[in-house]
2 protein chains.
Amino acid sequence: MAAQTDPTGPGQLDDTTTLDGLRAALDGRWQATRDELRAALNRRDLLPDPSLDLSASRAKILAEMTELAAADFAAAGFRADHGGTGDVGTAITGIEMLGYADLSLMVKSGVQWGLFGGAIENLGTERHHRRYVADIINLDLLGSFGMTETGHGSNVQALETTATYDPATQEFVIASTTPLARKDYIGGAAEHATVSAVFAQLITAGPGEEPRDHGVHCFFVPLRDADGNDLPGVTTSDCGYKGGLRGVDNGRIVFDEARIPAENLLNRYADVAADGTYSSPIEGDNRRFFTMLGTLIRGRVSVGATAGAAARKALTLAVRYALVRRQFDAPDGAQEITIMDYRAHQRKLLPLLAKSYALAFAQNELTAELHDVQSQEPDGVEPHRQRLLESWAAGLKSYGSAHASHTINVCREACGGAGYMAENQLSILRGDIDVFTTFEGDNTVLTQLVGKEMLGMYSDEMRGLSTVGWVRLVAGLVGDVVAEKTAVRQVVQTLLDSSDEDPDKSDLTDRATQVRLLRNREDHLQRTCAQRLRRAADADDPFAVFNDAQDHLLAAATAGIERQVLESFIQAIDECDSKSAAEVLGTVCDLFVYSALEADLSWFLMHRHVSVERAKAIRRGVNQLCADLRPQARTLVEAFGIPEELLVAPMLEQG
Amino acid sequence: MAAQTDPTGPGQLDDTTTLDGLRAALDGRWQATRDELRAALNRRDLLPDPSLDLSASRAKILAEMTELAAADFAAAGFRADHGGTGDVGTAITGIEMLGYADLSLMVKSGVQWGLFGGAIENLGTERHHRRYVADIINLDLLGSFGMTETGHGSNVQALETTATYDPATQEFVIASTTPLARKDYIGGAAEHATVSAVFAQLITAGPGEEPRDHGVHCFFVPLRDADGNDLPGVTTSDCGYKGGLRGVDNGRIVFDEARIPAENLLNRYADVAADGTYSSPIEGDNRRFFTMLGTLIRGRVSVGATAGAAARKALTLAVRYALVRRQFDAPDGAQEITIMDYRAHQRKLLPLLAKSYALAFAQNELTAELHDVQSQEPDGVEPHRQRLLESWAAGLKSYGSAHASHTINVCREACGGAGYMAENQLSILRGDIDVFTTFEGDNTVLTQLVGKEMLGMYSDEMRGLSTVGWVRLVAGLVGDVVAEKTAVRQVVQTLLDSSDEDPDKSDLTDRATQVRLLRNREDHLQRTCAQRLRRAADADDPFAVFNDAQDHLLAAATAGIERQVLESFIQAIDECDSKSAAEVLGTVCDLFVYSALEADLSWFLMHRHVSVERAKAIRRGVNQLCADLRPQARTLVEAFGIPEELLVAPMLEQG
């Protein structure tokens, strides 16, 4: 558990070897991209300006995006044969780095290039790519992502906007069929977007058929003319002020029989012939819909990644402040004590710092996997791998954004009144990050999705099932042990093979013991949850059985996510080239594990996975590890490598 | 555990008897004040307008305060012989009710009438009362509360502003002696305040003496002339944008030898003669300082009370939304399910609702005690009672504002994207409440204060001791059991006398068992904390001993606060006139207790205060109680009686 002794003063960073090693480990595979953006973003004019009103804030962000576009920031996100450079990892890493400057810039860029651009790229076909991709990259075409409606955000299969094919004119007629069918919170819809990728129920009839709803599809729908006026059948409005993200022009769209040419159907996964005949290479509305959604995963990955960046920035500010701020308890009448020296303060910040490290490694792995999967030939991806990727993206987005929201809040409070002043950035960050737990999937819904996938063994047939259908499926699975779903990675297998089997007897600082504790919790929760759900097989009200186990399912999912995060951390330590950095990472990993165990200690005790004595050792261990890492606090945040000009905060000048 | 069946639909409230009974219980002793303000504040123009810039927001709040002043809102806060009507309970209740409208209005009113007015009222003497109180009430004199400095917020005894007496001119010279001595975050200092109650080290010398620092005293210091220009020696500036509270003009003040007449010393507790001789009826700088601070307790009580109001408003909005919002899981193709029916959603909101009830009762008791204490002849208060009052105020402010901050955050997330829109109020509330955990005492510092007072047995001599001094004092206390510090109230004593002694064997729904569990935790934590601190008696580094026990001390304090909150709840049930309301309150109290036990379950398990079986029963109990209270959710929030016009939120119109 011993930490390196070293840079202790607020300004001193003597041990550059360790620092470099940590940064290399954190930067991961796209270190070059990170370094480029560190240089490009090192400008304090990129920070949010709270004195600007809505319109000026939005204009500032758009101007910054225009600069990014001029520097070819967005090309990486599109395939070479569409006009991009085809480097998914660079695209995600770039979006993530924007989070160090201004979350509005990240979100609006993410909407334009990730969500809207991603819909065209992944759901469109050659005719769309040829016409739009270059303009999307260079911002000649500003778009929006028209999925969420006032009435439906989580249950997007139930969207109420319709796109009805009219064979007479070979057009689709887009309609908001109810007040709740209004598109809502759509980034870009208030002001800048001239078009939208609109998700709507596709209704058509082949010759002699009754019109049928084929489920949700995506359409390229023009919203505004060149002067910014709404087009016929389109009424946009402004969501106005929000809890943050002032630079993003969220708006609403109501469609009253807006007509678009048939070719505006993004038709990679389905098409409608001139006569109205519907065709698709994918059978089943559910399977088709989830295949389409699966291609749009990049947005969710970007949100998780950026949440991580925001948390790291907040921690950097709060740790720097804690190292210069002094209050109370001057020994021998000398200077007061830096607040970083109080145990309560260490306990506030350092476990969150450790978790931020863990998440950074997990997120890097996710980005790399997304890159590898999406760099393959389209449609060449093995379905199980795609399912695991989607589940992992959902899990990390949920776990990571919850962490970010909590961490930024703690950091704000840890900086007292100064933390509340906009000039010190934390309160702006707090307002901006807030919705990260909601957009790209509500965290509770996403965590539940992860749980459902785990218990449903990622079976293809469960997709799109109602909860009751899913419960019946799980209830019907044989055996009472949920099978291992992901291959155990080599470094973890080696660990497990080399150590004692009984996690309550072996040394808690032993990495294999730590893994085993988290694995056993996950297995236990999944198995017992499955047992409970099995009762639904012959229950009168299967939904009630599900609902009764909902908290259990969420806990099982979170346990699985946390175990995977730990394994990413272990992998990163294994791959770390610097001996001194690896040593520090080991201590940070210990703190991550001890804190995770402490946060769920009642579970481990109730299910006798740890003894009372061990539980007490875990609490003491958190304290000891905080003390051990205290001298490294400065190095640990500097390793994030956040551009210095983006860390401007008058509170850090404590005289 | 059975709850009443009743109003289930979002719009139905059939059981007005229960509703009235609950409201009467929640309203407490100042129900008439609440009803008056319900009528007066039922105006949606009082809600914050996020489209206003800083200056317009501040002007709006000042105009609203002017209206309040015209309606004689503030007179209750001042004694009749000073020109007020002398009703402390009404004053606090009034401030709290403003929180339903706009927290900026509450804070700026609190600064003017509570903090600044309170300093004049409580630290001044007849010459100040006569000249200023009427003008403070009617807003002809706008003031500020100049305590916090850039360098010192928690450790106010170490303030660096000085007030040096100059016998030649019979003036005090006010100086910011270092950059960190700048007054910071001062409400009113940016724009509206023309004067400030400035806290500064009083330095004077009697004839033939060396100048001596007599500790922090309060001075009436003019800041601006009639045109709003800074007076000589005064430089004000603007803190600009914050995380919220846009209607409050927080600013900074630097003093460069500003001169004020000697009579501007608020001289109730100390005076300086014309020749510079210092005198005080209270011996000892520490005792005097803490006596002065003790008279200013009303601000802290108001902040806790208002935090409670803000949490109740957020819960009302989120529960109403959960009752109309539907998503997923339509049984038999019917309407989707209201999100209030999901266990995960119930678990998010209902335990917080139960805790809000508990806090409302505790806060009412605190307000009443403050009223009774401050309605006595000044200086006639029994010191031990005053100490308990101060400690209770610190504890409830900390516990209550942490609850409010967390609750509003959960409510925002529980309303998804809609919750993030300013028009639905929650995100504004979130930004505004954020600093409630910081101002009027940082929560960690306050909780520690409560712990120190408990372990120091509220002894007078411990006040103002350094941590090391305090540790030595505690270490020297005899016996290893911390004595009972507060008299057990009758209703609790009766409960305890009438039930089984072993809390692990008796029924967990038994109120006495619940009390005993919380009391035993508190006693255990205090005793063991005292034992650890006793090691400091002969330690080389007593601060290290303290720091090593800091988390333990904080836990002990929180346990004590939570136990007292429960006992307030029990008292309120006992005093509830309505049988049906009392029955519902009983279930709500159960949920409060079960949730509190669940939140700290690892402690109860580790220290064998509950068995594993009982721990599992507690988890199941939370779920069951949530389900039991689900039909009452609407009634429970309506009982808060928040003016309907202040609950405007478009998200509640779900078609």
Side-chain angles (χ1 to χ4, degrees), chain A residues 50-51 53 148 151-155 158 178-180 184-185 239-243 327-329 331 336 341-344 347 409 412-413 416-417 419-423 427 430-431 434-435 437-439 442 444 466-468 543 547-548 550-551 554 601-602 605-606 608 612 615-616 623 654-655, chain B residues 50-51 53 148 151-155 158 178-180 184-185 239-243 327-329 331 336 341-344 347 409 412-413 416-417 419-423 427 430-431 434-435 437-439 442 444 466-468 543 547-548 550-551 554 601-602 605-606 608 612 615-616 623 654-655:
Chain A
S51 72
D53 66 13
T148 298
H152 288 92
S154 294
N155 186 10
T178 72
L180 294 181
D184 211 344
Y185 325 124
C239 289
Y241 285 86
K242 306 184 293 291
Q327 206 81 174
F328 287 120
D329 299 320
E336 291 168 280
D341 286 317
Y342 288 102
R343 170 171 291 172
R347 270 195 161 262
N409 199 42
R412 199 299 291 159
E413 292 191 13
Y420 196 58
M421 301 298 115
E423 65 183 17
S427 66
R430 179 71 193 81
D434 192 14
V435 80
T437 60
T438 296
F439 65 16
D442 171 86
T444 302
S466 70
T467 292
V468 168
F543 176 77
N547 206 26
D548 201 45
Q550 193 187 20
D551 53 325
L554 293 169
L601 208 44
S602 62
L605 283 161
M606 273 196 285
R608 305 184 201 276
V612 164
K616 290 180 177 172
N623 289 333
Q654 287 276 314
Chain B
S51 72
D53 66 13
T148 298
H152 288 92
S154 294
N155 186 10
T178 73
L180 294 181
D184 212 343
Y185 325 124
C239 290
Y241 285 87
K242 307 183 294 289
Q327 205 80 175
F328 288 120
D329 299 318
E336 292 169 278
D341 285 317
Y342 289 101
R343 169 170 291 173
R347 269 194 161 263
N409 199 42
R412 199 301 290 160
E413 293 192 12
Y420 197 57
M421 301 299 117
E423 66 184 17
S427 66
R430 179 71 193 81
D434 192 14
V435 80
T437 60
T438 296
F439 64 17
D442 171 85
T444 303
S466 69
T467 292
V468 167
F543 176 76
N547 206 26
D548 200 46
Q550 194 187 19
D551 53 325
L554 292 168
L601 208 45
S602 62
L605 283 162
M606 273 196 284
R608 306 185 200 279
V612 164
K616 290 179 177 171
N623 289 334
Q654 287 276 314

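Residue numbering restarts at 1 for every chain, and letters A, B, ... go by the order of the sequence lines.
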Checklist line | Close side-chain approach of Leu554(B) and Arg343(A), heavy atoms under 4.5 Å | finding: no

Margin query: When you compare the side chain of Thr467(A) with that of Phe328(B), does any pair of heavy atoms fall below 4.5 Å?
Written below: no

Item checked: Which of Tyr241(B), Tyr420(B), Phe543(B) touches chain A most, by non-hydrogen pairs under 4.5 Å -> Tyr420(B)

Item checked: Contacting region of Asn547(A) [heavy-atom separation from chain B under 4.5 Å] -> both

Notebook entry, point to check: Which one of Thr438(A), Val435(A), Thr148(A) has the most heavy-atom pairs closer than 4.5 Å to chain B?
Noted result: Val435(A)

Checklist line | Heavy-atom pair with the smallest gap, counting every atom of Gly153(A) and Gln327(B) | finding: N-OE1, 3.2 Å

Check: Using non-hydrogen atoms only, which part of Phe439(B) is less than 4.5 Å away from chain A: side chain, backbone, both, or neither?
Finding: neither

Next item on the list: Using non-hydrogen atoms and a 4.5 Å limit, figure out which bit of Leu605(A) sits close to chain B: side chain, backbone, both or neither.
Entry: both

Margin query: Can you tell me which portion of Asp434(A) sits under 4.5 Å from chain B's heavy atoms? Options are side chain, backbone, both or neither.
Written below: both

Next item on the list: Compare all side-chain heavy atoms of Asp184(B) with those of Met421(A) and state whether any distance is below 4.5 angstrom.
Entry: no

Next item on the list: With side chain to side chain contact (heavy atoms under 4.5 Å, CB included) as the test, would you mind laying out the steps for Arg430(B) and Asn409(A) before giving the verdict?
Entry: CA-CA 11 Å; Arg430(B) 179 71 193 81; Asn409(A) 199 42; 2.7 Å; yes

Notebook entry, point to check: Hey, does Gln550(B) have a side-chain heavy atom less than 4.5 Å from the side chain of Arg347(A)?
Noted result: no

Next item on the list: Go through Ser427(B), Ser154(B), Ala615(B) and name the one with the most non-hydrogen pairs under 4.5 angstrom from chain A.
Entry: Ser154(B)

Notebook entry, point to check: In terms of heavy-atom proximity below 4.5 Å to chain B, should Asp548(A) be classed as side chain, backbone, both, or neither?
Noted result: both

